[in-house]
Amino acid sequence: DGPTIQKSSQRAIKSGSNLYTTFQLIEKFRANEKKIPIVLMGYFNPIFQYGLEAFFRKCKKIGVDGLIIVDLPPEESLYIDKFTQKYEIFNIRLLTPTTDNSRLKKILKNTNGFLYYISVMGITGTKKPSITSVKSSIKKIKKFSRLPVCVGFGIKNKNQIKDINKISDGCVVGSAIIEYIEDFIAGKYSEKKMLKGISEF
């Protein structure tokens, strides 16, 4: 993770956020909204500490549809495979510009929902993806899988999203939205303007 997401994690910890408060947020959301899919993205350790089966059981109960566990490679998928199947939770995998055909086939053996293509090498929220390079990579991925491919990393504005959505099935945006929140915290504009900015983005 790049500095923007790192700082947001520190703010979240300071405010008392954790897996339990995240589950509470999802329950409140699901009370009024049943259709919009929810995907949790994070690291394996909080899931492991919560208890693997207890975590997946809770996800199923409150309406989580999928997970992106960024530090759990296919070689260690055995820790969660039986629970993703038992509780019908999508295990969404990451692909990168360095993923070769052999690695891609291995990743595709235990993934579902969609594929998250990391468009640039490096950390979140820094470099800008090359449309030509992304197009070439998605074309290669689509030869091996019918799963939707969503593109993330370095997506900063609406024009990028329009361009990327012409060649992919969707975009993953994190840092750009968090920057709106940072500017609000810094007093650059009101909460209303922050929410309007995020909505328009």
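Counting begins at 1 with the first residue of the sequence.
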Interatomic distance, [X] atom [atom1] to [Y] atom [atom2] [nearest 0.5 angstrom]:
X: Lys58; Y: Leu19; atom1: NZ; atom2: CG; answer: 10.0 Å
X: Ile38; Y: Thr22; atom1: CD1; atom2: OG1; answer: 11.0 Å
X: Phe83; Y: Leu67; atom1: CZ; atom2: CG; answer: 12.5 Å
X: Phe56; Y: Gln85; atom1: CZ; atom2: CD; answer: 10.5 Å
X: Asn18; Y: Gln49; atom1: CG; atom2: CD; answer: 13.0 Å
X: Ile92; Y: Ile89; atom1: CD1; atom2: CD1; answer: 10.0 Å

Q. Donor-acceptor pair, Glu76 side chain versus Pro73 backbone, under 3.5 Å?
A.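 No, because the side chain of Glu76 does not come within donor-acceptor range (under 3.5 Å) of the backbone of Pro73.
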(Q) Can a donor-acceptor pair be found, under 3.5 Å and without considering hydrogens, that links the side chain of Ser136 to the backbone of Ser133? (A)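 No, because the side chain of Ser136 does not come within donor-acceptor range (under 3.5 Å) of the backbone of Ser133.
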Q: Please collect all salt bridge (charged side-chain N to carboxylate O under 4.0 Å, His left out) contacts where either partner lies in residues 36-56, sequence neighbours excluded, each pair once.
A: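 Qualifying pairs: Glu53-Lys86.
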Show the nearest heavy-atom pair for residues [X] and [Y], with the distance to one decimal.
X: Asn101; Y: Lys140; result: OD1-CD, 3.5 Å
X: Ser8; Y: Ile5; result: OG-O, 2.8 Å
X: Ser119; Y: Val151; result: CB-CG1, 3.7 Å
X: Ile155; Y: Ala176; result: O-CB, 3.5 Å
X: Ile181; Y: Met194; result: CA-SD, 3.7 Å
X: Arg11; Y: Ile185; result: NE-CD1, 3.5 Å

Q) Is there a donor-acceptor contact under 3.5 Å linking the side chains of Thr84 and Asn91? A)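 On atom types as modelled, these side chains do not qualify, holding no pair under 3.5 Å.
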Q. When you check the side-chain N and O atoms of Arg103 and Thr98, is any donor under 3.5 Å from an acceptor?
A.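 Absent: no donor and acceptor within the cut-off.
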(Q) Please evaluate residues Glu200 and Lys158 with respect to the criterion salt bridge (charged side-chain N to carboxylate O under 4.0 Å, His left out), reporting the C-alpha separation (whole Å), side-chain torsions for both, the decisive distance (0.1 Å), and the verdict. (A) CA-CA 9 Å; Glu200 287 174 354; Lys158 284 191 269 190; 5.7 Å; no
Are [X] and [Y] side-chain neighbours, meaning at least one heavy-atom pair lies under 4.5 Å?
X: Arg57; Y: Lys60; result: no
X: Phe114; Y: Ile68; result: yes
X: Leu115; Y: Thr111; result: yes
X: Tyr117; Y: Cys150; result: no
X: Ile138; Y: Val134; result: yes
X: Lys109; Y: Pro74; result: no

Q. What side-chain hydrogen bond (donor to acceptor under 3.5 Å, both in side chains) pairs are there with at least one residue in residues 27-40, not counting sequence neighbours?
A.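 Matches after skipping sequence neighbours: Arg30-Asp65.
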Q | Heavy-atom neighbours of Glu75 CD exceed 12 at 6.0 Å | A | yes
Q) Would Lys188 and Glu182 count as a salt bridge (charged side-chain N to carboxylate O under 4.0 Å, His left out) if you check the C-alpha gap in whole Å, the side-chain angles of each, and the deciding distance to 0.1 Å? A) CA-CA 9 Å; Lys188 291 185 181 179; Glu182 275 189 351; over 6 Å; no
Single-linkage hydrophobic cluster, 4.5 Å side-chain cutoff, [X] and [Y] together:
X: Val39; Y: Ile80; value: no
X: Ile62; Y: Ile36; value: yes
X: Phe90; Y: Ile118; value: yes

**Q.** Sequence neighbours excluded, every pair satisfying ring pair (Phe, Tyr, Trp, His ring centres under 6.0 Å) that has a member inside residues 35-55
**A.**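 Matches after skipping sequence neighbours: Tyr20-Tyr50, Phe23-Tyr50, Phe23-Phe55, Phe44-Phe48, Phe44-Tyr79.
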Q: Please collect all ring pair (Phe, Tyr, Trp, His ring centres under 6.0 Å) contacts where either partner lies in residues 164-194, sequence neighbours excluded, each pair once.
A: none
(Q) Is there a side chain to side chain contact (heavy atoms under 4.5 Å, CB included) between Tyr116 and Leu95? Walk through the geometry before answering. (A) CA-CA 6 Å; Tyr116 178 2; Leu95 302 173; over 6 Å; no
Side-chain donor-acceptor pairs under 3.5 Å in residues 163-174, sequence neighbours left out?
| residue | atom | partner | partner atom | Å |
| --- | --- | --- | --- | --- |
| Ser168 | OG | Ile164 | O | 3.0 |
| Ser168 | OG | Gly170 | N | 3.3 |
| Ser168 | OG | Gly170 | O | 3.1 |
| Asp169 | OD2 | Lys142 | NZ | 2.7 |
| Asp169 | OD2 | Val149 | N | 2.7 |

Q.
Arg93 vs Ser77, test: side chain to side chain contact (heavy atoms under 4.5 Å, CB included). Steps then yes/no.
A. CA-CA 10 Å; Arg93 290 284 182 192; Ser77 174; 3.1 Å; yes
Q: Check side chain to side chain contact (heavy atoms under 4.5 Å, CB included) between Ser190 and all other residues, then give those that pass, not counting sequence neighbours.
A: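 Listed in chain order: Lys192, Lys193.
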